Participant: 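This is the structure I have questions about; it appears just below.
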Protein chains: 2
Amino acid sequence: MSRNNAGLSTERIITEALRIIDGQGLRRLTMRRLGDALNVEAMAVYHHFPLGKEQLFEAIVAYITDVTPSAASSEEEADTDQGESPAADPYRGMSAEVPWDERLRNWARAYRQALLRHSGALTLLINRRPDTPAATRSLELHYAAFHEAGLRGAAVVQASAVLDSYVTGAVIHEVREAGLAGAAPAVVDGRFPHVHRLDNVALDPDQRFEEGLEATLSALARDA
Amino acid sequence: MSRNNAGLSTERIITEALRIIDGQGLRRLTMRRLGDALNVEAMAVYHHFPLGKEQLFEAIVAYITDVTPSAASSEEEADTDQGESPAADPYRGMSAEVPWDERLRNWARAYRQALLRHSGALTLLINRRPDTPAATRSLELHYAAFHEAGLRGAAVVQASAVLDSYVTGAVIHEVREAGLAGAAPAVVDGRFPHVHRLDNVALDPDQRFEEGLEATLSALARDA
DNA sequence: ACCTGAACACCGTTCAAGT
DNA sequence: ACCTGAACACCGTTCAAGT
């Protein structure tokens, strides 16, 4: 029955790969395990990704980082829902009617959520080039918004880079700190008075992100 | 001659591992290759890192991210120079005599340089917890500086997180963009007018980092 | 204590073959 | 076109053994 034509597709492969990454970690994503999860021989994946695992990784990054609307404006049904909860609204509030700063906030929130949702794949982002169509759409959204804010030329590029840096860095910071939960309390002795004093200060991750976002955006807009 | 006691040490192993990472990439750092580079059987490394490759990775991250002075203040000879160029000055300008904002700038510059110098190991940073002694020293430096700037309580922790996020994110942004150099020019057609217009705008990476750093620091200090 | 060498259970990928 | 299955050249790690 499962002899031939198992209905494999790049989409199905990527989705299944992400399920493995999210559930077991990136290191346990092997071609053989991926084949098993797809009820297929491992080597079947190579027919859809001839360049092998590296090409699969690139496709995963492109899939994850796609957070901008690809069509005209809004009012469209999501034909390719990204996953489990249909309650969440992707691509919301990035169309031209929305004020520029709110558009950037919505992009930043969507991008953070996308990275957090598959934080096990975060490490794939670093070594891969940001030249996917989705990345270009994000760039266009950034440039249009900062242009509307009054920035021009190099300042626009600069602002976009800083915003992207903050969001990416904040997610990494959040993920690294979350890993601290089950660990030993670290050695905070007299040499670190400030750390000792503020050790029990806990911030809500969402609020922390929002505050940092506000600080970043206001600093960038002030140059206009 | 190379039968026994080959003079292995954790320091030598880490240094050699970084040489392989910097020269050939993280993927080519294997225990056997590392053993070869150390003129030793691969399994000898396990005597110094009993928990295997994961423990080695942690040590590498701790080694790389150590950018703060560990001793009292300054005026000390570097007994463990981090590598090639003795012209560079590690740990400069982070002592208490220096104004708080300049201390933070110097930390940010040193941290960026440390990450850039071994950008092939950047991916190791993400999944590992920031609870090394060096990381705690950086945190103490942050907290002390922002306290001096007038921030208190949660605002101090928040500011430190944002600063760390910016620097980490900026390095990742820089590394990803640098990978764009030899690639195809990407598809920038009529759908991306702003990207098209600003496509040839090139910023000096150092200047770009400095400007983003100023924007971030000024936004954080303004809350005082 | 420090290192060797064989062995085991995996990997990614190539290739010829099936349908 | 799409998938199989055997094979190859690697991996990380365990373990008993050497000195």
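In this text the structure is predicted, and so the values were computed from the model without any measurement. These values consider heavy atoms only, across backbone and side chains, with no hydrogens, waters or symmetry-generated copies. In what follows, chains are A, B, ... by sequence order, proteins preceding strands, each numbered from 1.
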Participant: Answer yes or no: does a side-chain N or O of B:R33 lie under 4.0 Å from OP1 or OP2 of D:dC11?
Facilitator: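 Affirmative; the distance criterion is met.
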Participant: Please list, for nucleotides 6-9 of chain D, all pairs of protein and nucleotide N/O atoms separated by less than 3.5 Å.
Facilitator:
none

Participant: Round to a whole Å and report the spacing from CG of B:L38 to P of C:dC3.
Facilitator: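 Interatomic distance, CG of B:L38 to P of C:dC3: 10 Å.
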Participant: Check the distance between D:dT14's P and B:L51's CG and give it to me in whole angstrom.
Facilitator: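 In whole Å, D:dT14 P lies 9 Å from B:L51 CG.
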Participant: Of the options D:dC3, C:dC11, C:dG12, whose atoms approach the side-chain atoms of A:L8 most closely?
Facilitator: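 Between D:dC3, C:dC11, C:dG12, the one nearest the side chain of A:L8 would be D:dC3.
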Participant: Measuring from the side chain of B:A44 (C-beta onward, heavy atoms only), which nucleotide among C:dT4, D:dT4, C:dG12 has the closest atom?
Facilitator: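 Of the options given, the side chain of B:A44 lies nearest C:dT4.
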Participant: Answer with base, sugar-phosphate or nothing: what part of the nucleic acid does B:L29 contact at a heavy-atom distance below 4.0 Å?
Facilitator: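 Contact class for B:L29: sugar-phosphate only.
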Participant: Looking at A:H48, I'd like to know whether one of its side-chain N or O atoms comes within less than 4.0 Å of OP1 or OP2 on D:dA1.
Facilitator: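 No, A:H48 has no side-chain N/O under 4.0 Å of OP1/OP2 on D:dA1.
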Participant: May I ask you to say whether A:D206 pairs ionically with A:R112, meaning some side-chain N is under 4.0 Å from a carboxylate O?
Facilitator: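 A:R112 and A:D206: salt-bridged.
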Participant: What is the distance, to the nearest angstrom, from the CG atom on A:L34 to the P atom on C:dC11?
Facilitator: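 Rounded to the whole Å, the gap is 12 Å.
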Participant: Between the side chain of B:Q158 and the main-chain N/O of A:R208, is any donor-acceptor distance below 3.5 Å?
Facilitator: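 Present.
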Participant: Below 4.5 Å, heavy atoms only, C-beta onward: do B:L56 and B:L51 meet side chain to side chain?
Facilitator: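 Heavy-atom side-chain distance check fails, nothing below 4.5 Å.
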Participant: Can you check the B:R12 CZ to C:dC3 P distance for me, whole Å?
Facilitator: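 So the CZ-P distance, B:R12 to C:dC3, works out to 9 Å.
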Participant: Starting from the 5' end of DNA chain D, give me the residue, A:V40 or A:R27, whose nearest nucleotide shows up first.
Facilitator: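 Comparing both residues, the 5'-ward one is A:V40.
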Participant: For the residue pair A:R128 and A:F57, would you count it as a cation-pi contact if the rule is NZ or CZ under 6.0 angstrom from the ring centre and within 45 degrees of the ring axis?
Facilitator: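 Not flagged: A:R128 not positioned over aromatic ring of A:F57.
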Participant: Choosing from C:dC2, D:dT13, C:dT4, which nucleotide comes nearest the side chain of B:K53?
Facilitator: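 Taking heavy atoms from C-beta onward, the closest nucleotide is D:dT13.
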Participant: So A:W107 and A:Y111, would you call those rings parallel, tilted or perpendicular, with 30° and 60° as cut-offs?
Facilitator: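 Parallel: the ring planes of A:W107 and A:Y111 meet at under 30°.
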Participant: Using whole Å, what does the distance between atom P of nucleotide D:dT13 and atom CZ of B:F49 come to?
Facilitator: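 In whole Å, D:dT13 P and B:F49 CZ are 13 Å from each other.
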Participant: Nearest whole angstrom, please: distance from the P of D:dC2 to the CD1 of A:I13.
Facilitator: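 It is 11 Å, rounded to the nearest whole Å.
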Participant: If you only use heavy atoms from C-beta on, which nucleotide in D:dC2, C:dT13, C:dT4 is closest to the side chain of A:Y46?
Facilitator: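 Selected nucleotide: C:dT13.
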Participant: Do the side chains of A:R137 and A:E140 get close enough for a salt bridge, i.e. N-O under 4.0 angstrom?
Facilitator: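 No, A:R137 and A:E140 are not salt-bridged.
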Participant: Which of these nucleotides, D:dG12, D:dC3, D:dG5, is closest to any side-chain atom of B:T30?
Facilitator: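 Between D:dG12, D:dC3, D:dG5, the one nearest the side chain of B:T30 would be D:dG12.
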Participant: May I have the distance from B:R28 (atom CZ) to D:dG12 (atom P), rounded to whole angstrom?
Facilitator: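 Interatomic distance, CZ of B:R28 to P of D:dG12: 12 Å.
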Participant: Would you call B:E210 and B:R109 a salt bridge, taking side-chain N to carboxylate O under 4.0 Å as the test?
Facilitator: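 Yes, B:E210 and B:R109 are salt-bridged.
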Participant: Given A:I64 and A:L18, is the side-chain contact (heavy atoms from CB on, under 4.5 Å) satisfied, shown in steps?
Facilitator: CA-CA 9 Å; A:I64 291 176; A:L18 275 172; 3.9 Å; yes
Participant: Checking B:S165 side chain against B:A161 main chain: does a donor-acceptor pair fall under 3.5 Å?
Facilitator: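 Yes, B:S165 side chain to B:A161 backbone: donor-acceptor pair under 3.5 Å.
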Participant: Contact between A:R176 and B:L125 at the side-chain level, heavy atoms closer than 4.5 Å - yes or no?
Facilitator: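 SC-SC contact between A:R176 and B:L125 confirmed.
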Participant: Expressed in angstrom and rounded to an integer, what is the separation of B:H47 atom NE2 from C:dT4 atom P?
Facilitator: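 That distance rounds to 12 Å.
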Participant: Hunt down any stem DNA chain C takes part in, defined as 3 or more consecutive Watson-Crick or G-U pairs whose two distances are each under 3.5 Å.
Facilitator: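 Expected stems, ordered by start: C:4-8 with D:12-16, C:12-16 with D:4-8.
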